[in-house]
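Notes follow the structure.
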Protein chains: 2
Amino acid sequence: MKQDIDGPYLRSGQVAERAGVNLQTLRYYERRGLIAEPRRSPGGHRAYPPETVTLLTVIKAAQRLGFTLEEVAELIDTGRRGHPTPDLRARAQAKIAEVDARIADLTTIRTALTQVVAAGCDSLTHCTCPDCPLPFTDLAAGRTPEES
Amino acid sequence: MKQDIDGPYLRSGQVAERAGVNLQTLRYYERRGLIAEPRRSPGGHRAYPPETVTLLTVIKAAQRLGFTLEEVAELIDTGRRGHPTPDLRARAQAKIAEVDARIADLTTIRTALTQVVAAGCDSLTHCTCPDCPLPFTDLAAGRTPEES
DNA sequence: TTGCATCCGGTACCTAGGTACAGGTTTACC
DNA sequence: GGTAAACCTGTACCTAGGTACCGGATGCAA
C-alpha cells in the first residue's frame with residue numbers, strides 16, 4: 001500500500017520549498033499557532049493540504065506590511081471564526097499610525113544627524129567644533145532601539 | 001584612613017544614577033569596551049572618574065542617533081587615539097543614508113497599507129474585496145524585520 | 001562593632017524571529 | 001530488500017541591548 005493519505009497532500013519539504021521558507025520556520029510557525037497542526041502519515045511525517053502554501057505567502061505578506069507574528073496570528077484567528085469585526089482594516093489603520101510615528105522619529109534623527117555633519121563635529125567625546133549640537137538630550141530616548 | 005582613593009571618584013551606583021542608566025548596563029558597557037575598566041578600591045569596588053557620566057550621556061546620544069553600540073565603540077576608539085580620519089562626519093553621513101533607506105521602506109509599506117484600507121480588505125486569508133491587493137509580493141522581503 | 005546599603009562576579013533570562021545540529025526514524029525508489 | 005534522501009523530536013544557538021537574580025564581600029556611619 002502506498003500511503004493512507006490519498007489527497008494532494010504535500011510533505012513538509014515541499015511546502016517549505018514552494019513557499020520559500022525554511023523547513024524549521026514551518027515548524028516554528030506551527031508552534032506559534034500560525035499554521036494548524038497538519039495530519040500525519042502513519043510514520044509521523046506531516047502531510048499538508050496545498051492551501052498551506054498560500055497561507056504562508058499571506059503570512060509573509062503581512063510581515064512585510066509590518067505586522068508581528070503575534071498580530072498575524074490574531075488576524076488569522078479572528079478571520080477563521082467568522083470575523084466578528086472588520087478587524088483587518090482597523091489593524092491596518094493602526095499600523096499606518098505606527099508607521100507614521102516611526103517615520104517621524106527617523107525624520108527627527110535625520111535632522112539631528114545633518115546638524116552633526118553641518119557643524120563639523122569631529123569627535124563624539126572631544127568635539128572641537130563651535131556650537132556642537134551633541135548631545136541631543138531632547139531626542140526622545142528609548143524609541144530608537146525598540147519597535148522596528 | 002578613609003580610602004586609598006582621594007580624588008572625586010564615584011561609585012558605580014552614583015555613576016549609574018547620575019547618567020540615568022542601570023547598574024548592570026554600566027558593567028555591560030565595560031564588557032563591550034564602551035567605557036574603560038575603572039580603577040578599584042582596595043576591596044574591589046569600582047571607582048569612576050566623573051567624566052564617565054559625560055561619556056555615558058554621549059553614548060546614549062549616539063544611540064538616539066541610530067548608532068549601534070558597536071559603532072559607538074568604534075567612534076570612541078578612533079576618537080581616542082587621535083582621530084586619523086574625520087570619522088564622525090563620514091559615519092553620520094552614512095547613517096543619514098541608512099535612515100533615508102529605512103524611511104523609503106516605511107513609505108512603501110505605508111502605501112501598501114493604505115491600499116489594504118482603501119480596497120476594504122476584510123480578511124488576510126479569505127478577503128472578499130474586489131481587486132484585493134494582497135499579497136504584496138513586490139514588497140521587498142526581509143527588509144522589514146531587520147535593521148531597526 | 002554592628003548593621004545595613006551597596007557592590008562584587010557569574011550566570012541566566014528577556015524580546016522577535018528564526019536557524020542549526022544531533023541522533024534516530026520513515027519514505028521512496030531501484 | 002537495500003540505500004539514500006527526507007523527515008522526526010528536542011535542544012541549543014543567533015542578533016542586540018540589555019535586565020535580573022544569587023550568594024557572598026565591602027563600605028560606611030553610628
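In what follows, every chain begins at residue 1, and chains take the letters A, B, ... in the order their sequences are listed. Model, not experiment: these values are computed from the prediction.
Remark: A/R91 fails to qualify as a cation-pi partner of A/F67 under the 6.0 Å distance and 45° angle criteria applied to the six-membered ring.
Atom pair B/E30:CD and C/dC8:C1' shows a separation of 12 Å (rounding to whole Å applied). Across the protein-nucleic acid pair, B/L26 atom CG and C/dG9 atom P stand 11 Å apart, rounded to whole Å. As a whole-Å value, the separation of B/L56 CG from D/dG18 P is 11 Å. For the pair B/E37 CD and C/dG9 C1', the computed distance is 13 Å after rounding to whole Å. Across the protein-nucleic acid pair, A/L69 atom CG and C/dT15 atom C1' stand 12 Å apart, rounded to whole Å. Nucleotide D/dG18 holds its C1' atom 12 Å from the CG atom of B/L34, rounded to whole Å. When rounded to the nearest whole Å, the span between OH of B/Y28 and P of D/dT15 equals 11 Å. Rounded to whole Å, the distance from CZ on A/R64 to C1' on C/dG17 is 15 Å.
Within the structure, the salt bridge (charged side-chain N to carboxylate O under 4.0 Å, His left out) test picks out the following pairs touching residues 46-56 of chain B (sequence neighbours left out): B/E30-B/R46. Residue pairs meeting the side chain to side chain donor-acceptor pair (under 3.5 Å) criterion with at least one partner in residues 10-24 of chain A, sequence neighbours excluded, are A/R11-A/H45.
Between B/S41 and D/dT26, a side-chain N or O to OP1/OP2 separation shorter than 4.0 Å is absent. Of the side-chain N and O atoms in B/Y29, one or more sit less than 4.0 angstrom from OP1 or OP2 of D/dG18. Within the structure, every side-chain polar atom (N or O) of A/T25 is placed at least 4.0 Å from both OP1 and OP2 of C/dG17. Taking only side-chain nitrogens and oxygens, B/K60 comes nearer than 4.0 Å to OP1 or OP2 of D/dG18. Dashed line: the shortest gap from a side-chain N or O of B/N22 to OP1 or OP2 of D/dA20 is under 4.0 Å.
Nearest approach of B/P8 to B/P50, heavy atoms of both residues: O-CG, 3.6 Å.
Contacts of B/E70 classified as salt bridge (charged side-chain N to carboxylate O under 4.0 Å, His left out), with partners at least two apart in sequence or in another chain: none. In this structure, the salt bridge (charged side-chain N to carboxylate O under 4.0 Å, His left out) partners of B/K95, at least two apart in sequence or on a different chain, are B/E71, B/E98. For the side-chain contact (heavy atoms from CB on, under 4.5 Å) test, residues two or more places apart in sequence or in another chain that qualify with B/A73 are B/L34.
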Summarise how protein sits on nucleotides 3-13 of chain D as a single string, 5' to 3': B when a protein heavy atom is under 4.0 Å from the base, S for sugar-phosphate-only contact, - for no contact. ----SSB----
